[in-house]
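See structure below.
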Amino acid sequence: MRAWLALLLIPLLLVFGLAGSALADDGARAAARSVITKQVEAFGRDDAPTAYAQAAPAIRELFPNADLFIGMVRTQYRPVYRHRSFVFGEGRDTGEAGVMQSVAIQDEYGVDWTAEYSLARDADGTWRITGCRLIKAPGTSA
């Protein structure tokens, strides 16, 4: 009887244990999306300090002030800076206290892009953007 009970309980414990882990992962992805949203909304208002505050320390080392940072975004990440649509896609945990978040973007000219954001937690637990890679949709002209 105990053997049967153990055989029934072990799968249930595993399922609920994994479900708890998935919820934690969902929380990390939700937090990452919140940071990205905060930065993108700041770009829309030309609020350089708020956009800059969402960047990880390594990014802030490369661009030592908010004006330099937003200037770089305006020229090199124009689809992120100004867009018609911005829709979150798949988010996944990287396993190293980080998250990769995909975003489908249509720029101000109607060209489709994918932005792949990477995020990590700071020492204080705050999520920050560590990078963004833009990929133009296949079949679109330059």
*asked:* The criterion is side-chain hydrogen bond (donor to acceptor under 3.5 Å, both in side chains); which residues satisfy it with Ser85, sequence neighbours excluded?
replied: none
*By side-chain hydrogen bond (donor to acceptor under 3.5 Å, both in side chains), which residues pair with Gln76, not counting sequence neighbours?*
none
*Quick one: list whatever passes side-chain hydrogen bond (donor to acceptor under 3.5 Å, both in side chains) with Arg84, sequence neighbours left out.*
none
_If hydrophobic clusters are built from ILVMFWY residues whose side chains come within less than 4.5 Å, do Val73 and Leu62 share one?_
yes
_Going by the rule side-chain hydrogen bond (donor to acceptor under 3.5 Å, both in side chains), which residues pair with Arg74 if we only count those two or more places apart in sequence or in a different chain?_
Tyr81
*asked:* Return the CG to OG1 distance between Leu119 and Thr94, rounded to the nearest 0.5 Å.
replied: 9.5 Å
*Taking all heavy atoms of Arg29 and all of Arg92, pick out the closest pair and write down the distance.*
CD-N, 3.7 Å
*asked:* Under a 3.5 Å cutoff, is there a donor and acceptor pairing between the side chains of Ser102 and Glu90?
replied: no
*asked:* Run the ring pair (Phe, Tyr, Trp, His ring centres under 6.0 Å) test against Tyr109 and tell me which residues pass, sequence neighbours left out.
replied: none
*Taking only residues two or more places apart in sequence, or in another chain, which ones meet Asp47 in a side chain to side chain contact (heavy atoms under 4.5 Å, CB included)?*
Ala42, Arg45, Pro49, Thr50
*Is there a path of hydrophobic side-chain contacts, each under 4.5 Å between heavy atoms of I, L, V, M, F, W or Y residues, that connects Tyr117 with Tyr77?*
yes
*If two hydrophobic side chains count as joined below 4.5 Å and joins carry through other members, does Ile59 share a cluster with Val40?*
yes
*Phe69: what forms a ring pair (Phe, Tyr, Trp, His ring centres under 6.0 Å) with it, not counting sequence neighbours?*
Tyr52
_Contact list for residues 125-135, test salt bridge (charged side-chain N to carboxylate O under 4.0 Å, His left out), sequence neighbours left out_ = Asp122-Arg128
*Side-chain heavy-atom pair Val103, Thr114 within 4.5 angstrom cut-off*: no
*Any donor and acceptor pair, going by atom type alone, linking the side chain of Thr130 with main-chain N or O of Ser118 inside 3.5 Å?*
yes
*Assign the ring pair His83 / Phe86 to parallel, tilted or perpendicular, where the plane angle (0 to 90°) is split at 30° and 60°.*
tilted
*Quick one: does Ile105's side chain get under 4.5 Å of Val80's, heavy atoms only?*
yes
_Intermediate values then yes/no, side chain to side chain contact (heavy atoms under 4.5 Å, CB included), Val111 and Gln106_ = CA-CA 5 Å; Val111 177; Gln106 187 174 74; over 6 Å; no
_Pairwise side-chain contact, Phe63 with Met72, heavy-atom cut-off 4.5 Å (strictly under)_ = yes
*asked:* My understanding is that only residues two or more places apart in sequence, or in another chain, count here; which of them pass salt bridge (charged side-chain N to carboxylate O under 4.0 Å, His left out) with Arg60?
replied: none
*Is a side-chain donor or acceptor of Asp124 paired with a backbone partner of Thr126 at a separation under 3.5 angstrom?*
yes
_Listed partners of Arg121 passing side chain to side chain contact (heavy atoms under 4.5 Å, CB included), at least two apart_ = Trp127
*Considering only NZ, NE, NH1 and NH2 on the basic side and carboxylate oxygens on the acidic side, decide whether Asp107 and Lys136 come within less than 4.0 Å.*
no
*Kindly write out the residues that satisfy side chain to side chain contact (heavy atoms under 4.5 Å, CB included) with Ala48, not counting sequence neighbours, or none if the list is empty.*
Ala66, Asp67, Ile70
_side chain to side chain donor-acceptor pair (under 3.5 Å) contacts touching residues 32-41 (sequence neighbours left out)_ = Arg33-Gln101
